[in-house]
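If you read the sequence from its start, that first residue is 1, and numbering goes on from there. Counting starts at 1 for both ligands and their atoms, following the listed order.
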Amino acid sequence: MRKIEHIGIAVKDLAASNQIFEDILGVAPYKQEEVQSEHVLTSFFQVGESKIELLQATSPDSAIAKYLEKNKEGIHHIAFDVEDIMAEIARLKAKGYTLIHESPKEGADNKIIAFMHPKSSNGVLVELCQDRFKK
Ligand code: ZN
């Protein structure tokens, strides 16, 4: 794991939350992107070498919609930047950790991603995140 790639925050109203984080961070989101496979609308803010990802559900089927049925708005997941996501998935599985995605899938912002199950990581939803295009 190389750095915290981003922190994901579940929000109900992306436009309102964009304004809040623009006020806090002093920068506008550099991108807004819908991830249709996940039924989410996202926006990203750059904060030094890391990012803040705001996530709003676009359908009741979205994991974010289900999360907000049980929880208040707030920190949803922490994403770590990895060089080789396949190797990290294999490494963590070999240690007995449960992954929600055992093979990587397309994420927002030109990433391929896999989530670990929070039951095996102290209740923290961990996202592994690799650049889709090698730099
Ligand atoms: Zn994320």
Side-chain angles (χ1 to χ4, degrees):
M1 315 264 166
R2 300 191 292 192
K3 65 177 182 185
I4 294 175
E5 212 287 327
H6 64 267
I7 295 173
I9 298 175
V11 305
K12 291 178 179 162
D13 179 341
L14 194 64
S17 297
N18 277 339
Q19 186 60 58
I20 290 168
F21 281 87
E22 185 170 337
D23 288 345
I24 294 168
L25 299 171
V27 288
Y30 67 87
K31 129 184 292 195
Q32 188 156 307
E33 180 180 351
E34 184 169 2
V35 184
Q36 289 189 339
S37 63
E38 292 292 304
H39 308 289
V40 290
L41 189 60
T42 64
S43 65
F44 285 89
F45 295 80
Q46 190 74 46
V47 188
E49 65 173 7
S50 300
K51 299 163 189 162
I52 296 291
E53 174 186 37
L54 304 182
L55 302 119
Q56 178 201 292
T58 56
S59 145
D61 298 331
S62 161
I64 295 299
K66 289 177 181 144
Y67 179 85
L68 287 175
E69 282 171 16
K70 294 184 211 133
N71 302 279
K72 295 187 172 169
E73 292 179 289
I75 293 178
H76 177 259
H77 65 270
I78 298 179
F80 295 106
D81 180 55
V82 300
E83 182 141 34
D84 182 345
I85 196 167
M86 296 296 288
E88 289 296 328
I89 289 169
R91 183 179 69 84
L92 292 164
K93 272 181 71 177
K95 285 180 176 282
Y97 290 92
T98 307
L99 283 106
I100 295 171
H101 308 110
E102 296 203 349
S103 55
K105 60 188 293 281
E106 301 263 311
D109 205 25
N110 298 316
K111 302 290 180 184
I112 55 174
I113 62 147
F115 278 95
M116 294 178 69
H117 199 290
K119 76 180 180 194
S120 62
S121 48
N122 277 147
V124 178
L125 182 58
V126 170
E127 178 183 2
L128 308 174
C129 210
Q130 180 195 312
D131 288 332
R132 191 182 308 161
F133 309 108
K134 293 265 180 187
K135 282 172 189 160

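Linking ILVMFWY side-chain heavy atoms closer than 4.5 Å, directly or via other members, places V27 and V11 in a single hydrophobic cluster.
The atom of E127 that is an N, O or S and sits closest to the Zn ion (ligand 1) is OE1. The N, O or S atom of H77 lying closest to the Zn ion (ligand 1) is NE2.
Note on E53: counted as a metal contact of the Zn ion (ligand 1), an N/O/S atom lying under 2.8 Å. Within the 2.8 Å limit, H76 places no N, O or S atom next to the Zn ion (ligand 1). In summary, H6 places an N/O/S atom under 2.8 Å from the Zn ion (ligand 1), meeting the contact criterion.
Here the options are T98, L125, V126, V124, the test is side chain to side chain contact (heavy atoms under 4.5 Å, CB included), and the partner is P118; only L125 passes.
A donor-acceptor pair under 3.5 Å is absent between the side-chain atoms of E33 and the main chain of A108, judged by distance alone. Side chain of S62 to main chain of V40: no donor-acceptor pair is present (N/O by atom type, distance under 3.5 Å, no hydrogens or angles).
Using a 4.5 Å cut-off on side-chain heavy atoms (C-beta onward), L14 and Q32 make contact.
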